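Everything quoted here is computed from the prediction, not taken from an experiment.
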Amino acid sequence: MRVIYPVLVEQAVEELAEGEDVTLDYKAQVYQALIKDKIIDEFGLPTEYALKQGYVESITEEPYLEWDEFLDIYPIFKKCEKSEFERIDGFWEVTTDLQKKLMSESYQATLTNIEKAQIQEFLTGRQETI
């Protein structure tokens, strides 16, 4: 079974591991520690405590963001052409071809855990077009 951890967990793991190989046990320990320390809830969302303390910055994808603002939220897409996106109902959406590419195993193999988490975060709640 493949476990997909939330973005904040992946960011913490990558920062703590400093480029070392990471085991699933290590990720699970970081996840549990972040919950115990009230940084995230069980769903991986930042807690009010973490936000108030400045441990986590809440970034929300608002409608009608400019392209650069969108890239600030999802830096992974700096690797993509703007023409692979279309603004629909105020939100930047990917083309079917780009969505297939983003989800392909060969493309995923080239990404860091944080980049994978950004793609997962972006695609969560969006309609699958494939």
Side-chain angles (χ1 to χ4, degrees):
M1 179 172 95
R2 187 173 142 219
V3 178
I4 299 175
Y5 285 96
V7 174
L8 291 175
V9 175
E10 293 292 357
Q11 288 174 337
V13 166
E14 199 157 297
E15 190 170 313
L16 292 168
E18 296 181 2
E20 296 293 319
D21 288 336
V22 175
T23 65
L24 289 178
D25 286 339
Y26 183 75
K27 278 189 185 185
Q29 290 171 3
V30 170
Y31 172 73
Q32 291 300 324
L34 291 172
I35 291 173
K36 181 181 177 207
D37 293 341
K38 297 180 176 38
I39 305 300
I40 62 171
D41 64 18
E42 64 273 10
F43 302 109
L45 300 173
T47 62
E48 283 299 316
Y49 169 76
L51 293 167
K52 286 179 183 174
Q53 295 297 316
Y55 298 142
V56 177
E57 182 180 335
S58 177
I59 299 175
T60 305
E61 184 182 354
E62 300 289 334
Y64 301 102
L65 291 175
E66 295 298 323
W67 180 246
D68 290 339
E69 294 172 313
F70 174 74
L71 293 178
D72 286 343
I73 296 173
Y74 300 108
I76 179 62
F77 295 128
K78 291 178 182 177
K79 297 180 177 186
C80 303
E81 295 294 324
K82 185 178 177 182
S83 62
E84 295 179 293
F85 292 80
E86 180 181 350
R87 196 181 310 206
I88 300 173
D89 294 331
F91 291 93
W92 292 102
E93 303 293 348
V94 296
T95 62
T96 304
D97 289 342
L98 180 57
Q99 187 173 5
K100 287 179 187 175
K101 176 183 171 184
L102 294 173
M103 296 172 67
S104 73
E105 287 185 33
S106 60
Y107 186 75
Q108 289 277 320
T110 67
L111 302 176
T112 66
N113 288 333
I114 290 176
E115 291 171 329
K116 290 175 188 176
Q118 286 175 25
I119 291 170
Q120 175 191 351
E121 184 73 21
F122 174 78
L123 293 175
T124 299
R126 284 181 157 84
Q127 183 177 353
E128 189 172 330
T129 58
I130 298 175

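Using a 4.5 Å heavy-atom cutoff, the side chains of Ile39 and Leu8 are not in contact. Counting heavy atoms from C-beta on, the side chains of Val94 and Phe122 come closer than 4.5 Å. Contact check for Ile119 versus Tyr107: side-chain heavy atoms found under the 4.5 Å cut-off. By the 4.5 Å heavy-atom criterion applied to side chains, Pro6 and Ile40 are not counted as neighbours. Inter-residue side-chain proximity for Gln29 and Leu16 is flagged as unmet; no heavy-atom pair is nearer than 4.5 Å.
The cluster map of Ile, Leu, Val, Met, Phe, Trp and Tyr, joined by side-chain heavy atoms under 4.5 Å apart, puts Ile35 and Val30 in the same cluster. Note on Phe85: it clusters hydrophobically with Met103, by side-chain heavy-atom contacts below 4.5 Å among ILVMFWY residues. When hydrophobic clusters are built by joining Ile, Leu, Val, Met, Phe, Trp and Tyr residues whose side-chain heavy atoms come closer than 4.5 Å, directly or via intermediates, Tyr31 is grouped together with Val56. Under the 4.5 Å side-chain heavy-atom criterion for ILVMFWY residues, a single connected hydrophobic cluster contains both Ile76 and Leu65. Note: the hydrophobic cluster containing Ile114 does not contain Tyr5 (ILVMFWY, side chain heavy atoms under 4.5 Å, direct or indirect links).
Interatomic distance, CD of Glu69 versus CH2 of Trp92, reported as 10.5 Å (0.5 Å rounding). Atom CG of Leu71 is separated from atom NZ of Lys79 by 13.0 Å, given to the nearest 0.5 angstrom. Rounding to the nearest 0.5 Å gives a distance of 13.0 Å between CG of Leu102 and CD of Gln120.
When the shell of 6.0 Å around CD of Glu15 is examined, it contains 12 or fewer heavy atoms from other residues, nucleotides or ligands. Around NZ of Lys52, the count of heavy atoms belonging to other residues, nucleotides or ligands within 6.0 Å does not exceed 12.
Each of Phe91, Phe77, Tyr64 was evaluated against Phe70; a single residue qualifies, Phe77, per the ring pair (Phe, Tyr, Trp, His ring centres under 6.0 Å) test.
Panel note: side chain Glu115, backbone Thr112; a donor-acceptor pair is recorded below 3.5 Å.
Looking at Glu84 and Lys101, no side-chain N of the basic residue comes within less than 4.0 Å of a carboxylate O on the acidic one, giving no salt bridge. Salt bridge present: Lys27 and Glu10 bring a charged side-chain N and a carboxylate O closer than 4.0 Å.
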After noting the C-alpha distance and the side-chain angles of Tyr74 and Glu121, does the key distance pass the side chain to side chain donor-acceptor pair (under 3.5 Å) rule?
CA-CA 9 Å; Tyr74 300 108; Glu121 184 73 21; 5.4 Å; no
